[in-house]
Amino acid sequence: MTEKILTTRKLGLPVLLLTILLFALSILGCVFGGLILDEGGSPALMIVSIVVMCLCWLPLPGLKVLKPQEALVLTLFGRYIGTLKGDDFYFVNPFCTAVNPAAKTRLNQSGDVSANVSTAGSAAEAPSRKLSLKIMTLNNNRQKINDCLGNPVEIGIAVTWRIVDTAKAVFNVDNYKEYLSLQCDSTLRNIVRMYPYDVAPNVDTTGDGVADDGSLRGSSEIVAGRIRDEIQQRVEEAGIEIIEARITYLAYATEIAAVMLQRQQASAIIDARKMIVDGAVGMVELALERLNDNGVVQLDEERKAAMVSNLLVVLCGNHDAQPIVNTGSLY
């Protein structure tokens, strides 16, 4: 299906004025025709005026008003005749029908697709058949997906999109809004399954057969780019352009969040302990070298071992040291 733009139908105002003029003239014709009938004149004027009055409303359904960034897809007896684009007052064939299969479907900013949304206590508005060409945002609900290591993670994305081909959006898919939402869900699952939540050894996320450091947490820009490209490929036939895709929420699922937190804490403690031990060993080496170079005290191997042990206990301990003063001999 190829989009056809109608550009020669901007006659809304002249047709409206002509219709009002004909209606006013038909009313005057009925009035003067009735007076002539009372005087025994011909009823032709009154009959013609009544016929014109009954038919002059027919052009009114062909009057279309479009705001900026709006479009109207028109069909005539089931055949696609073109699309109106651009803000103006148009006149088209009164028998044309506007088509928008997603008129009753809304893409909420904070949820998934919801249909027939109405406000409580107020009359429901009739769905508009106009297509919005503005940039819109689809913020799907958070999904629970297993990463490449089998860990369940919760992730949410926001997709910025717009319609670029109205004919494809209306005729190639049943409901382009629901179609977009479903494609976002399936694409998100496919991409997330390729990555671990955090950097893991021996994991290939690019498909080149070489392990890399890709992860959902550390490579969010790359992951978002791959999600955007795959969604674009899937919705190309629906006439939709994906402008951007962003990860809005990422966390471990609640059932393993506590365990993973303990794992991260344990890893952090191990790294901290390793740093403390490395620093303590360096400080002990420096202390022994300074004592030996300055000739402050001569220590044999046994006293050096005792000093090293005491310094490591003091430097690597979790609590402040409680010194014990020895006034006697070590032996």
Side-chain angles (χ1 to χ4, degrees), residues 1-34 43-107 114-119 122-134 136 162-179 238-240:
M1 182 64 66
T2 304
E3 184 183 59
K4 295 185 294 185
I5 306 298
L6 301 177
T7 58
T8 60
R9 305 290 182 96
K10 300 179 181 180
L11 303 174
L13 186 58
V15 172
L16 178 61
L17 295 177
L18 180 60
T19 302
I20 295 175
L21 179 61
L22 288 177
F23 188 75
L25 291 177
S26 62
I27 293 177
L28 293 176
C30 289
V31 172
F32 286 104
L45 179 60
M46 185 173 183
I47 294 175
V48 172
S49 300
I50 293 175
V51 172
V52 173
M53 185 182 299
C54 294
L55 297 179
C56 65
W57 62 270
L58 288 177
L60 296 180
L63 299 176
K64 308 293 182 182
V65 178
L66 292 183
K67 301 175 183 178
Q69 295 297 319
E70 286 186 344
L72 205 59
V73 178
L74 300 175
T75 60
L76 181 60
F77 304 122
R79 183 173 60 89
Y80 172 62
I81 63 171
T83 301
L84 291 178
K85 282 186 177 181
D87 53 315
D88 215 317
F89 192 11
Y90 296 88
F91 174 74
V92 297
N93 191 321
F95 296 99
C96 287
T97 303
V99 181
N100 184 5
K104 296 182 180 180
T105 304
R106 295 181 180 271
L107 291 181
S114 60
N116 298 327
V117 178
S118 60
T119 306
S122 62
E125 296 182 358
S128 175
R129 297 292 180 179
K130 300 174 183 176
L131 276 71
S132 176
L133 304 180
K134 301 175 183 178
M136 292 175 282
R162 64 181 175 186
I163 297 176
V164 293
D165 192 312
T166 57
K168 288 183 178 181
V170 171
F171 298 112
N172 282 9
V173 294
D174 183 53
N175 187 318
Y176 64 89
K177 292 183 179 180
E178 291 182 353
Y179 180 80
I240 295 175

Engineer: Please examine the side chains of Tyr80 and Thr2, heavy atoms only from C-beta on, and report whether any two atoms are closer than 4.5 Å.
Structural biologist: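 With C-beta onward as the side chain, the pair stays apart.
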
Engineer: Residues in side-chain contact (heavy atoms from CB on, under 4.5 Å) with Val15, at least two apart?
Structural biologist: Leu11, Thr19, Pro59, Leu63, Phe91

Engineer: Nearest 0.5 angstrom please: Asn100 CG to Lys130 NZ, how far?
Structural biologist: 11.5 Å

Engineer: Could you tell me if the side chain of Leu6 sits less than 4.5 Å from the side chain of Leu74, heavy atoms only?
Structural biologist: yes

Engineer: What's the spacing between Leu55 CG and Trp57 CH2 if we round to 0.5 Å?
Structural biologist: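 Rounded to the nearest 0.5 Å, the CG-CH2 separation comes out at 8.5 Å.
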
Engineer: Between atom OG1 of Thr97 and atom CG of Leu76, what is the distance when rounded to the nearest 0.5 Å?
Structural biologist: 7.5 Å

Engineer: Identify the heavy atoms of Thr75 and Phe171 that sit nearest to each other, and give their distance.
Structural biologist: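 Minimum heavy-atom contact is CG2-CZ, 3.8 Å.
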
Engineer: Which heavy atom of Cys56 sits nearest a heavy atom of Leu22, and at what distance?
Structural biologist: CB-CB, 4.5 Å

Engineer: So which atom in Arg129 and which in Ala103 form the shortest heavy-atom distance, rounded to 0.1 Å?
Structural biologist: NH1-CB, 4.4 Å

Engineer: Determine whether Pro94 and Leu60 make a side-chain contact, defined as any pair of heavy atoms from C-beta on separated by less than 4.5 Å.
Structural biologist: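 Pro94 does not reach Leu60 side chain to side chain.
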
Engineer: Taking C-beta and beyond as the side chain, do Tyr90 and Leu72 meet within less than 4.5 Å on heavy atoms?
Structural biologist: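 Sidechains of Leu72 and Tyr90: no contact.
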
Engineer: When rounded to the nearest 0.5 angstrom, what distance separates CG in Leu84 from NZ in Lys64?
Structural biologist: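 The CG atom of Leu84 sits 8.5 Å away from the NZ atom of Lys64.
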
Engineer: When rounded to the nearest 0.5 angstrom, what is the spacing between CG in Asn175 and NZ in Lys104?
Structural biologist: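 NZ of Lys104 is found 11.5 Å from CG of Asn175.
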
Engineer: Rounded to the nearest 0.5 Å, what separates atom OG1 in Thr83 from atom CG in Leu131?
Structural biologist: 8.5 Å

Engineer: At their closest point, which heavy atom of Asp87 faces which heavy atom of Pro68, and how far apart are they?
Structural biologist: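 Closest approach of Asp87 to Pro68: CB-N, 3.5 Å.
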
Engineer: Give the minimum heavy-atom separation between Lys134 and Arg162, together with the two atoms involved.
Structural biologist: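 In this case the closest contact between Lys134 and Arg162 is O-CB, 3.6 Å.
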
Engineer: Going by the rule side-chain contact (heavy atoms from CB on, under 4.5 Å), which residues pair with Lys67 if we only count those two or more places apart in sequence or in a different chain?
Structural biologist: Glu70

